[in-house]
Each structure stands twice: as C-alpha cells, then as structure tokens.
Amino acid sequence: EKVEMKFAIISAGEGSRLSQEGVALLIRFNDIIGQEPIKKHLQTALAQNNVSHAYLFCGDSGSGRHTLAKAFARALLCEQPTPDHDACGHCKSCLQAASANHPDIRVITHEKFNIRVDEIREQLNNDIQIKPYSSKYKVYIIPDAHRMNEQAQNALLKTLEEPPAYAVIILLSDNESALLPTIVSRCITLQMKPVSEKDIADYLVQKLQMEQDVAEIAAGFCQGNIGQAIRFAQSEDFQIMKNQVMQLLKQIDDLPLSSIMEIVHGFSKEKGNFYDYLDLMLLWYRDILMYKATKDTNLLLYRDEYSTITKQASKRSYEELERIIEAINKVKLRLDANVNFELAVELMLLVIKETC
C-alpha cells in the first residue's frame, strides 16, 4: 500500500492546490486506473445516498485497495463533489484528506504483526461514539484487516452490529477467509480485479515517463497488479533480475551442462526472489510461443530481443514450448512442496536444454 501513496497522481488541472507543507496528493476516483465496476458501485451509492456502514475491499497488496478506500473517503466527505460524485480536490475537506490531516478519516494502526483487541477498542470502538468533527460521515479504514486476532474481530463485530448512522468502516484484506463469517456478512464485499496490461503500460509511460518496452514488461510481469508494476518498473533489482534472466535464456541453447550448473548454484542464493525469476522466464517463452503462432513482433514484450526470439521459435515446436512452460510452472509447485531447490531448478533447465 505504501507504493500507491509514493507514486500517487498529483492533479495538475484546474483546482489543484499546494498545501502549506508541500504538494497535496489529490487522489480521486478519476485518478485510479481500472476497477471501473467498483468505482461505479461506490459513486452510485453516493448519488443515491445509499452508503453502507461497512465495506470489505479484497485484493492483493499493490492492487489499489488502499488508494480506492482513500478516494471513497474523500468523495464521502467532500464539500463540493463533482457531478459524477467524485471529490472536487480543492475544498477544505479534500485538502485535509490529501495531507492526511482530516479529523473524520481514521486509519487504524497496529504495533505488531497482528491487530490486537485493545487497538480496535481504542482507535475504533471508543472513538466511533464521538460524532464527526466537520462532516456528514466519519470514516474508519482498517488496512490488513485479516491480521485482527479473534478477540479484535469480535470487538469490531459489536460495532458492526449497531454502528452509528454517520459511521463508514472500510476493511482492506488479501485474505477474506481469515475474517469471521459474521464480519464478512455485515460488509459489502468488493473484489479488486486485475488491471489490463495495456492500461498499466499506458499509465507507466504517460504518468511516470517510462520507456515503452520497460513499461510493457513490468505490466506483463505483474499480472494486473498496478502497484507491483510501478514498484518493479522503477526497481533497480528488477532490472538486474531481468538482465540475468535474459543472459541465461539467450545463451542456454549453447551453454554446456557445467555452465548451467553454475547458474543453478547462483540462483540458489536468490531463493527469496526466485519466483520473480520464474515469472520473467515465463514471459520470455510466452513471447517465443506468441511469435511462432502469429509472426507479429508487435505482440512481443521482449521486442529488443527479436532476433533471438525468432531463432528460438524456429528451433522449437509448439509441443516443446509447452513442455518448457509446464516445467517452469512445475518448479513453483515443487518449491511450494519444499523439494530440494537446486534439484528442482536443475530439472527445469535440463528440460529447456533438451528442447534446443
């Protein structure tokens, strides 16, 4: 969620303002890429004055759930909402929210990994009895709501059963099953959807001035998670990983077995990031398969490697490429099952080597 704040869009059009302490981060519905059904649902609720007392935003970290919750809170409290029920971005309420100083927006924090019962009682249950300071609503956002222990969840449940009319509680989670069914049943659940690769790539190019090829690889790699795409596209480690994978896969057809084993040993030092290496490999062979089927270079993510991709596409059959992709996916399953790391990776590389 920190990624979303760091790279939040700063509105530059009419009505944008600077706060006294710096640039106000004016995140609104219109600034959010994708999630159109959820945005429409929330804006319709605002238009019909039919806002629920509790929402559950489900999605992986980086999917935009926190940004969406903040945009919804700002629209709820805006003094001069737009015709489509978005925050105006320039009223006092919007500027307070943008600088994280709005008295009627509370984000629940916790000191340890789990959210304890006393933290829910002190920051939510006790505080919610105090009426809004300056707004119609008082909004509570609970990041990582699945980390509430059972006592904390039961404490929250009491409030959800009889909330004040002005209260809106937004739970954010990537693990709905960790929440009590009684809590989930009292919330309107909104599931974050993957953002299209094109929309992510366009955002990275237009808003963050990234090179088109880097943006497209990051978008393809992150499978619809825009926060992760932003993080990896600007990460030096990601560029290093990408270059290492390219160096291996461009030369693997000509590498002797001894060199492959040295690479396996090197990968063993990167166990924490190895799933990322595997995903980059999958994108590479996805490109080879795509080119073999269409001969269209515009569909390639690794466009700069056109000559190597065409060469490998001509040497491998569809069946062999499917075997390689299956072998890469199988490594993930083996590692999840705690199979010996070097053995699992060696078997994958040997499958790739055998098809050349």
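For reference, positions follow the sequence shown, starting with 1. This structure is a prediction, so every number in the text was calculated from the model and none was measured. No hydrogens, no waters, no symmetry mates; every other heavy atom, side chains included, goes into these values.
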Under 4.0 Å between a Lys/Arg side-chain N and an Asp/Glu carboxylate O for E79 and K92? no
Under-4.0 Å salt bridge between R147 and D174: no
Decide whether [X] and [Y] are clustered together by the hydrophobic rule: side chain heavy atoms of Ile, Leu, Val, Met, Phe, Trp, Tyr closer than 4.5 Å, transitively.
X: M148; Y: L172; answer: no
X: V168; Y: I128; answer: no
X: I108; Y: V117; answer: no

Any donor-acceptor pair under 3.5 Å from [X] side chain to [Y] backbone:
X: K292; Y: R316; value: yes
X: N101; Y: S99; value: yes
X: N175; Y: H146; value: no
X: T82; Y: C88; value: no
X: N154; Y: E150; value: yes
X: Q35; Y: K193; value: yes
X: Q153; Y: A178; value: yes

Residues in side chain to side chain contact (heavy atoms under 4.5 Å, CB included) contact with [X], at least two apart in sequence or another chain:
X: E36; result: K39
X: P256; result: S258, S259
X: Q251; result: Q247, L255
X: R106; result: D127, K138, Y140

Once ring pair (Phe, Tyr, Trp, His ring centres under 6.0 Å) is applied, do any residues pair with F57, and if so which ones, sequence neighbours excluded?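 F57: no ring pair (Phe, Tyr, Trp, His ring centres under 6.0 Å) contacts found.
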Residues forming a ring pair (Phe, Tyr, Trp, His ring centres under 6.0 Å) with F29, sequence neighbours excluded: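 F29 satisfies ring pair (Phe, Tyr, Trp, His ring centres under 6.0 Å) with no residue once adjacent residues are dropped.
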Closest heavy-atom pair and its distance - [X], [Y]:
X: W284; Y: K250; answer: CH2-CG, 4.0 Å
X: G89; Y: L95; answer: O-CD2, 4.0 Å
X: I288; Y: A313; answer: CG2-CA, 3.6 Å

Nearest 0.5 Å, please: how far is [atom2] in [Y] from [atom1] in [X]?
X: K198; Y: E216; atom1: NZ; atom2: CD; value: 10.0 Å
X: I170; Y: S52; atom1: CD1; atom2: OG; value: 10.0 Å
X: C187; Y: L179; atom1: SG; atom2: CG; value: 8.0 Å
X: T308; Y: L249; atom1: OG1; atom2: CG; value: 10.5 Å
X: Q151; Y: D118; atom1: CD; atom2: CG; value: 10.5 Å

Set of salt bridge (Lys or Arg N to Asp or Glu O under 4.0 Å) partners for [X], sequence neighbours left out:
X: K353; result: none
X: E161; result: R186
X: K112; result: none
X: E119; result: R116

Is there a side-chain contact between [X] and [Y] in this structure, where contact means two heavy atoms from C-beta onward sitting under 4.5 Å apart?
X: C91; Y: C78; result: yes
X: C94; Y: H102; result: no
X: F72; Y: L77; result: no
X: C58; Y: M192; result: no
X: L124; Y: I142; result: yes

Under 3.5 Å, which donor-acceptor pairs link side chains of residues 319-328 to any protein atom two or more places apart or in another chain?
unit_1 : atom_1 : unit_2 : atom_2 : d
E319   : OE1    : S317   : OG     : 3.4
E320   : OE1    : S317   : N      : 2.9

What's the verdict on side chain to side chain contact (heavy atoms under 4.5 Å, CB included) for L278 and M348, showing C-alpha distance, side-chain angles and the deciding distance? CA-CA 10 Å; L278 294 175; M348 175 195 71; 3.7 Å; yes
As a quick check of understanding, evaluate salt bridge (charged side-chain N to carboxylate O under 4.0 Å, His left out) for D104 and K131, giving each step before the final call. CA-CA 9 Å; D104 295 324; K131 292 184 178 181; over 6 Å; no
Review item, side-chain donor-acceptor pairs of residues 41-50, under 3.5 Å, at least two apart:
unit_1 : atom_1 : unit_2 : atom_2 : d
Q43    : NE2    : D84    : O      : 2.7
T44    : OG1    : K40    : O      : 2.7
N49    : OD1    : K136   : NZ     : 3.0

Above 12 or not: heavy atoms from other molecules or residues under 6.0 Å from NZ of K311?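 No, because the 6.0 Å sphere around NZ of K311 holds 12 heavy atoms or fewer from other groups.
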